[in-house]
**Q** 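Would you mind keeping the following structure in view while I ask a few things?
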Amino acid sequence: MSADENVPAVDNQILRVLHANVFLVTPEAFIRHFMYGQEADPNAVDEGTATSLSSSERRARDEDLAAECLQALKGRGQSQKFTQVVQSLAIDETCNVEDIEAGISPYTSNQFTNLVKNINSKRDLYNPLAALLAFIGHFFRCYFIESGEAVHCTVEIDKSWPTAVNPEEKQSGAQTTFLRRRFVATHDKQFRFSRHVQEHPELQPDISLLLYQEPEGNWPKPDELHWKDVKIPIEVKLQDGLDANRVCQMALYAQAVKAEQFDRNSSFGILISKKKCRIFHWDASGCHVTEVDMHDDPAMFIQIVGRLASMDPRHMGYDCRFSNSGRVLANQSRTMTTRLEVIPARPTEFPEQSPRAENGEKPLAVDIYIDRPLFQKPGHLFSRSSRVWEGHEVVGTNSQVGKLRVVKQNWAWDARFNEAFLHEEAKEVPNVARVVGYEGVARTIDTRCIWNDGDVLGMYRVDGHVLELEPLPHLDTASDEEPFPLYPCNESPQVISRVLLRMIFESKGRQICEVHSCRELLEATKQWVTGLWGLNEKGIVHRDVSPGNLLLGLNPEFPAFIIDLGLAQRSAPDSSNTEVHSERIANVDLPMIGTLPFIAYDHFVARSNGESIKHEVHHDLESVFWALLYVVLLEEQCPLAKGSLRTLLSTDVDNIRSKKRAFLTGYLNPMELELAGRFKNLEPFLNGFSRLCWRDRRTLKLDAIVDLIDSSMSSLPPGSGERVVEATESGAGAGAPQSKRRRESVESLEKGAAVSKGLATSGNFVINSQTKLALDRLFFLPTAVEVNVLSYPQSTNKETE
């Protein structure tokens, strides 16, 4: 993070997420489960390696290699293998052999001497560590070089990382080239993020395992690096301890990898000091960490480093259903497409069940631009992490360009109803997005398999003193000010199990802010409430109605529709499954679910009274009102309107409740507010809608809203609310242009700093689908106003969305 031992203050938001979700496991268990535990995926893209070993065979091979590497470090000049690896490194770095050899730490007197002698600051560790890691990585790589071959050549390790190519180019028979990986000291480099990741913290790993394309046989030495190319971030510390600062720092690195690498399901990180090496494994459910004393157990340390340096993309956590999984470099990302294959399956009620593939169905293939997400919400480290892309379906043996499709994936909690199943149940309901392909891709529980007795040493908590728990004594800490104590686990850790769901939707829409006129907005409102009512008749309540989930048709001639049933609930289970259904409902019945500014008023009242109420269709219908009010207020310039919107978008639940009551009971004039913006002619309709939501809120019916819409449409002046397109907006990208007034309104809101804390993702990562990019190319609502659960869970049995 920096060149000395000073670290920033602990990010308490990240710390709350890490609480009770980080587990210490034995090195043996960590290696078994996370480094060798995954067998081949029969549906994965061919990794390109000529050798195929089982997990046990690969592990035995690496143990032998680690022992040989240790002997080479002990023997150095007397070891032929040591000389061969040094020569390979010298060619890569265009350096002389003597300089390379001098930088590699020997192992003598039961220690790596260069990591111990004359080490007074963490700066003194950078180069010796980088040199040692690079040597180990090259040692494992050189194992694959046959006797008599040149030391600088393409080997099997490289062949598992072919250069990314556009799918059509791959089919044309173009010659395959291969990428390389290398441990590099990066403490003096600047790390960039993609354009869709904004307001990120400044992160600078001390050492990184980087992916690169070899330019004429030489190792590139850029001054600026990109998080997309970082395979493993490594933080170096002088002291050996683990505290809250350090674990938060490693979490920020993991989140940077997660934000940038769309096809990565899990990742590794390393925290290393003069003596200890800690290896972290992060996925959507939690973090597992182990520690190895490098000097006391050098063979295990070498095996871990060598394994990380020689992993193929799948074992490093990449999803090989993407044709370019793990191999798209930052300088390619803006122009590169990747082909995603979805194996069609019949969705089951709950996503932890293995989906049943349809007999005879061929995979659905979609070519997508990976660095141009329609929507990306990484959220917390352990969350749904939704991503949405658009792409074209691939048709026929000649890979012809087919229909425009939308691909959505997220890590769903397996205790919730399967979103694809609910879409299947609602396929006959008008104005609800239709799924044309679905697959349950991976499960976090599969990585962990079954822990043996003694595998899990403890759980890191921040509230152990409150629970009067006795922390485990064997771990040292880096500081006494911000401890991250370890507590015993009486049984195997119970973490949320998540399933990676991937859905292909039939069509794309426009975001609500791109509406062309008041008439189109009213017509769309009729279609949205009709869709919500139709869902209710199927026994489904949406529970997350917000502007981002209410889409307009691709143009005004296409119908509007509802998306995102990820938080929806099924209220009428099959009688055959009633007992299981009731148990699951109890597990997911959180106090307030939805997007905070658009949650129905009754839920705020219930929360203030310490109660929980059942979500019903009238709550969804009321949320439509709040979504419309949001769009209308965005166009207003008066301070009262801006202040009202700022309150609704805040995280102050009590103020939001008061403001909602004022709007519902004050006929839209709680503070002498008069609409003067683009949608001013909708004021009578909004007044009527608010009265329905207040007066009939527990008996609100579809017919009453439809009648109000029809009446309002008949009285609209000609051209009401039509958008004026500015000349400079005509090339605004994939999103439609917008009015200058609304742009200024949003900019003013951002300057107000009301959208903060819980409204941004943890660690100050803000994806570029914030409020201002409601004005850009995204058709989903900005994530700056999304909060799916009001408070952080106090145990691992609750979900953080």
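Here the structure is a predicted model, which means the values were calculated and not measured.
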**Q** Give a yes or no on whether the backbone of G241 and the side-chain of R246 come within a donor-acceptor separation of less than 3.5 Å.
**A** yes
**Q** Does either side chain, that of Y126 or that of D206, offer a donor lying less than 3.5 Å from an acceptor on the other one?
**A** yes
**Q** Ignoring hydrogens and geometry, is there a side-chain-to-backbone donor-acceptor pair from R76 to Y107 under 3.5 Å?
**A** no
**Q** Return the minimal non-hydrogen interatomic distance between K276 and M294, and the atom names on each side.
**A** N-CE, 4.2 Å
**Q** Check the orientation of F484 and Y460. Use parallel for under 30°, tilted for 30 to 60°, and perpendicular for over 60°.
**A** parallel
**Q** Parallel, tilted or perpendicular: which fits the ring planes of F112 and F301, with parallel below 30° and perpendicular above 60°?
**A** perpendicular
**Q** Might you point out which heavy atoms bring Q204 and D188 nearest each other, and give the distance in Å?
**A** NE2-C, 3.7 Å
**Q** In terms of relative ring orientation, are W451 and H33 parallel, tilted or perpendicular, with 30° and 60° separating the classes?
**A** perpendicular
**Q** Can you say whether the rings of F135 and F139 are parallel (under 30°), tilted (30 to 60°) or perpendicular (over 60°)?
**A** tilted
**Q** I need the minimum non-hydrogen distance between S105 and T113, along with the two atoms involved.
**A** OG-N, 3.2 Å
**Q** Is NZ or CZ of R307 both nearer than 6.0 Å to the six-membered ring centre of Y36 and within 45° of the ring axis?
**A** yes
**Q** So that I know where these two stand, are F280 and H288 an aromatic pair - ring centroids less than 6.0 Å apart?
**A** no
**Q** Give a yes or no answer on whether the side chain of N96 reaches the backbone of D99 with a donor-acceptor pair at less than 3.5 Å.
**A** yes
**Q** My understanding is that only one of E260, Q261, Q332 makes a side-chain hydrogen bond (donor to acceptor under 3.5 Å, both in side chains) with K228; could you say which?
**A** E260
**Q** What about the rings of W161 and F178, do their centers lie closer together than 6.0 Å?
**A** no
**Q** My understanding is that only one of D293, D297, D240 makes a salt bridge (Lys or Arg N to Asp or Glu O under 4.0 Å) with K275; could you say which?
**A** D293
